[in-house]
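Presented below is the structure to which this report refers.
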Amino acid sequence: MSDKQRTAKLEIDGNTYDLPIFSPTAGPDVVDIRKLYGTAGVFTYDPGFTSTASCDSTITFIDGDKGELLHRGYPIDQLAGKSHFLEVCYLLLYGELPKPAELEDFEARVTGHTMLHEQMVYFFRGFRRDAHPMAIMVGVVGAMSAFYHDSTDISDPWQREVASIRMIAKMPTIAAWAYKYSIGQPFEYPRNDLDYASNFLRMCFSVPAEEYEVNPILSRAMDRIFTLHADHEQNASTSTVRLASSSGANPFACIAAGIACLWGPAHGGANQACLEMLREIGTPDRIPEFIARAKDKDDPFRLMGFGHRVYKNFDPRAKVMKQSADEVLELLGVENNPTLQVAKELEKQALADPYFTEKKLFPNVDFYSGIILEAMGFPTSMFTPIFAVSRTIGWISQWKEMISDPQMKIGRPRQLYQGETLRDYVDIEKR
């Protein structure tokens with residue numbers, strides 16, 4: 001940030017207050033209101049914090065109007081097309097693309113931490129078999145602080161580094177074991193000779209009774225899903241991680257908080273909601289009926305998988321995800337899948353309808369990711385855990401950035417109080 005000479009003037013009851021204006025390297029200017037309450041005695045009111053910058057960051061930038069997503073300055077489509085997930089992890093974590101030796105070292109460190117403490121098996125067995133995998137992930141990740149005491153001191157840079165590597169490495173194992181537990185199959189341990197995405201697929205779908213070969217097309221699609229969901233600026237779950245970490249909580253507790261927030265259908269569960277909508281539509285001939293319902297303001301039905309809270313244009317991740325969807329569906333020979341037929345026709349009709357194009361309600365990343373994951377064999381209950389595996393690197397990068405920020409303060413949002421004013425207690429017999 002620079003140019004602190006610029007100010008905005010705020011007038012309240014005849015009094016004028018000068019508020020500094022900061023200019024970021026990209027995006028809109030930011031008015032600094034940190035001293036507003038102290039000087040003017042007022043708060044700002046911004047439900048959902050949609051117009052409030054809660055921090056400064058160098059990790060991810062989104063331009064919703066242009067449909068642009070940059071990680072450390074690199075466009076997401078270039079990263080998804082030319083890079084791979086662990087290289088993007090390095091970029092988010094350390095700020096630059098790694099040199100060959102740096103990437104080799106990073107991959108070796110992640111690979112060396114993929115196993116879970118053997119006693120953690122008992123945590124999984126403490127859940128009911130029908131427990132949602134996200135419930136298991138919240139519990140197990142939070143419990144990691146009870147097993148890895150040597151990486152919970154957030155004031156120690158080395159412990160922060162160890163905790164970061166551990167969570168990147170162990171999250172696929174936790175998610176895969178949550179899935180295995182829910183279907184009553186034995187846990188598959190990670191293998192160090194496989195890449196990150198292939199290892200995850202093997203832990204999810206292999207069984208001890210037979211050999212399992214990971215198809216490279218499926219592995220590449222899985223890697224792209226991880227990459228496309230790696231970070232998304234100050235969204236709900238990332239803000240939750242930052243808020244939790246502002247209290248000085250250990251890193252595992254902070255990431256568990258992020259997983260809990262991600263669980264919501266308006267956030268990490270969006271691709272599951274999209275797939276359930278496609279199943280509700282059922283057949284292509286019913287699409288006009290649901291499109292009409294989506295246009296009706298009095299109908300609660302929403303067209304899931306179209307539009308985005310941030311992007312007022314095409315979601316830049318959707319184009320890459322669609323390409324992966326075509327590759328996976330062709331490989332698996334499921335082009336005639338009823339749900340897929342509904343999805344293709346819905347996309348076609350929505351993009352041809354002025355109502356949706358004028359409102360810029362284009363297919364987003366969730367529209368395609370659910371179709372890919374279902375085709376791979378994942379149940380909808382696993383969609384959000386896979387999202388959590390992807391987003392862990394974003395949460396960790398944001399957490400590390402915040403811990404290192406000398407301006408960090410414990411989060412303390414204000415409120416617009418609308419309740420009763422001061423009144424005296426009334427004894428129960430007089431009420």
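- Test E233, H232, H71 against T60 for side chain to side chain donor-acceptor pair (under 3.5 Å) and you get one pass: H71.
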Problem - Evaluation steps, side chain to side chain contact (heavy atoms under 4.5 Å, CB included), between L116 and V121 - result: CA-CA 8 Å; L116 295 179; V121 170; over 6 Å; no
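- Note that CD1 of I259 is 7.5 Å distant from CD1 of I255, once rounded to the nearest 0.5 Å.
- Within a 6.0 Å radius of CD in E429, other residues, nucleotides and ligands contribute more than 12 heavy atoms.
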Donor-acceptor pairs under 3.5 Å, side chain of residues 412-420 to any protein atom, not counting sequence neighbours: which ones?
{"from": "Y417", "atom 1": "OH", "to": "E420", "atom 2": "N", "distance (Å)": "3.2"}
{"from": "Y417", "atom 1": "OH", "to": "E420", "atom 2": "O", "distance (Å)": "2.6"}

Handout entry: side chain to side chain contact (heavy atoms under 4.5 Å, CB included) between E280 and M304, intermediate numbers included
Key = CA-CA 11 Å; E280 182 184 358; M304 304 301 294; over 6 Å; no
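- Side-chain atoms of S239 come within 3.5 Å of backbone N or O of N235 as a donor-acceptor pair.
- Nearest approach of A343 to I371, heavy atoms of both residues: CB-CD1, 3.5 Å.
- For the pair L331/L218, a side-chain contact is recorded, criterion being any heavy-atom separation below 4.5 Å from C-beta on.
- Between F124 and W177, the angle of the ring planes goes over 60°, which puts this pair in the perpendicular group of the 30/60° scheme.
- Side-chain contact between L303 and L346 is present, with at least one heavy-atom pair separated by less than 4.5 Å.
- Contact record, Y179 with C204: CE2-O, 3.3 Å, taken as the closest heavy-atom pair.
- R224 and A80 make their closest contact through NE-O, 3.5 Å (heavy atoms, listed as atom of the first residue, atom of the second, distance).
- A heavy-atom distance below 4.5 Å is found between the side chains of M115 and P190.
- A donor-acceptor pair under 3.5 Å is formed between the side chain of S246 and the backbone N or O of G411.
- Judged by distance alone, with hydrogens and angles left aside, the side-chain atoms of R293 form no donor-acceptor pair with the main-chain N or O of D299 at under 3.5 Å.
- Counting heavy atoms from C-beta on, the side chains of H117 and M144 never come closer than 4.5 Å.
- The nearest pair of heavy atoms linking F200 to A176 is CE1-N, 4.0 Å.
- Although no hydrogens or angles enter the test, the distance criterion places a donor-acceptor pair under 3.5 Å between the side chain of D32 and the main chain of R34.
- Between I154 and P251 there is a side-chain heavy-atom pair separated by less than 4.5 Å.
- In this structure, Y148 and F252 have tilted ring planes: the angle between them lies in the 30° to 60° band.
- Within the 4.5 Å cutoff, the side chain of V241 has no heavy atoms near those of the Q398 side chain.
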Handout entry: Audit row: E374, R279, side chain to side chain contact (heavy atoms under 4.5 Å, CB included) steps and yes/no
Key = CA-CA 12 Å; E374 185 190 46; R279 289 172 177 163; 2.3 Å; yes
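- Between the side chain of R191 and the backbone N or O of N199 there is no donor-acceptor pair closer than 3.5 Å.
- Between Y196 and F85, the ring planes are tilted. Angles from 30° to 60° get that label.
- The minimum heavy-atom distance between P363 and Y368, with the atom names listed, is CB-OH, 3.7 Å.
- The shortest side-chain heavy-atom distance between L275 and L373 does not fall under the 4.5 Å cut-off.
- Within 6.0 Å of the OH atom in Y94, the count of heavy atoms belonging to other residues, nucleotides or ligands exceeds 12.
- In this structure, F378 and F205 have tilted ring planes: the angle between them lies in the 30° to 60° band.
- With D46 contributing its side chain and S51 its backbone, the two residues share a donor-acceptor pair below 3.5 Å.
- With rounding to the nearest 0.5 angstrom, the CG atom of D231 is 6.0 Å from the CD1 atom of I59.
- Surrounding CG of D427 are more than 12 heavy atoms belonging to other residues, nucleotides or ligands, all under 6.0 Å away.
- At most 12 heavy atoms of other shown residues, nucleotides or ligands fall within 6.0 angstrom of atom CZ in R423.
- Here the side chain of Q159 pairs a donor or acceptor atom with the backbone of D153 at under 3.5 angstrom.
- Atom-to-atom distance recorded for S164:OG and W395:CH2 is 14.0 Å, nearest 0.5 angstrom.
- Shown here for R202 and Y212, the closest heavy-atom pair between the two residues is CA-CE2, 3.8 Å.
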Problem - S54 vs R242, side chain to side chain donor-acceptor pair (under 3.5 Å): CA-CA, chis, key distance, verdict - result: CA-CA 10 Å; S54 61; R242 278 183 172 264; over 6 Å; no
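- Checked by atom type and distance alone, the side chain of Q341 never pairs as donor or acceptor with a backbone atom of P284 at under 3.5 Å.
- Counting only distance, with no hydrogens or angles, the side chain of R166 and the backbone of H113 share no donor-acceptor pair below 3.5 Å.
- At a threshold of 4.5 Å between non-hydrogen side-chain atoms, the residues P186 and P208 count as touching.
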Handout entry: Worked verdict on H84 versus D195 for side chain to side chain contact (heavy atoms under 4.5 Å, CB included)
Key = CA-CA 10 Å; H84 62 277; D195 63 78; over 6 Å; no
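- With rounding to the nearest 0.5 angstrom, the CD1 atom of I225 is 7.0 Å from the CD1 atom of I386.
- From I174, atom CD1 reaches atom CE of M203 across 10.0 Å, with rounding to the nearest 0.5 Å.
- Using a distance-only test at 3.5 Å, with no hydrogens or angles considered, a donor-acceptor pair links the side chain of R129 to the main chain of Y181.
- Atoms CZ and CG, on F106 and L103 in that order, are 8.5 Å from each other to the nearest 0.5 Å.
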Exercise for the section: List the steps and the verdict of salt bridge (charged side-chain N to carboxylate O under 4.0 Å, His left out) for E289 and R286. Expected result: CA-CA 5 Å; E289 169 196 341; R286 296 190 64 198; 3.5 Å; yes
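- Between R220 and E327, no side-chain nitrogen of the basic residue sits less than 4.0 Å from a carboxylate oxygen of the acidic one, so the salt-bridge criterion is not met.
- Heavy atoms of other residues, nucleotides or ligands lying less than 6.0 angstrom from OH of Y37 number 12 at most.
- The neighbour count for K35 NZ, taken as heavy atoms of other residues, nucleotides or ligands under 6.0 Å away, does not exceed 12.
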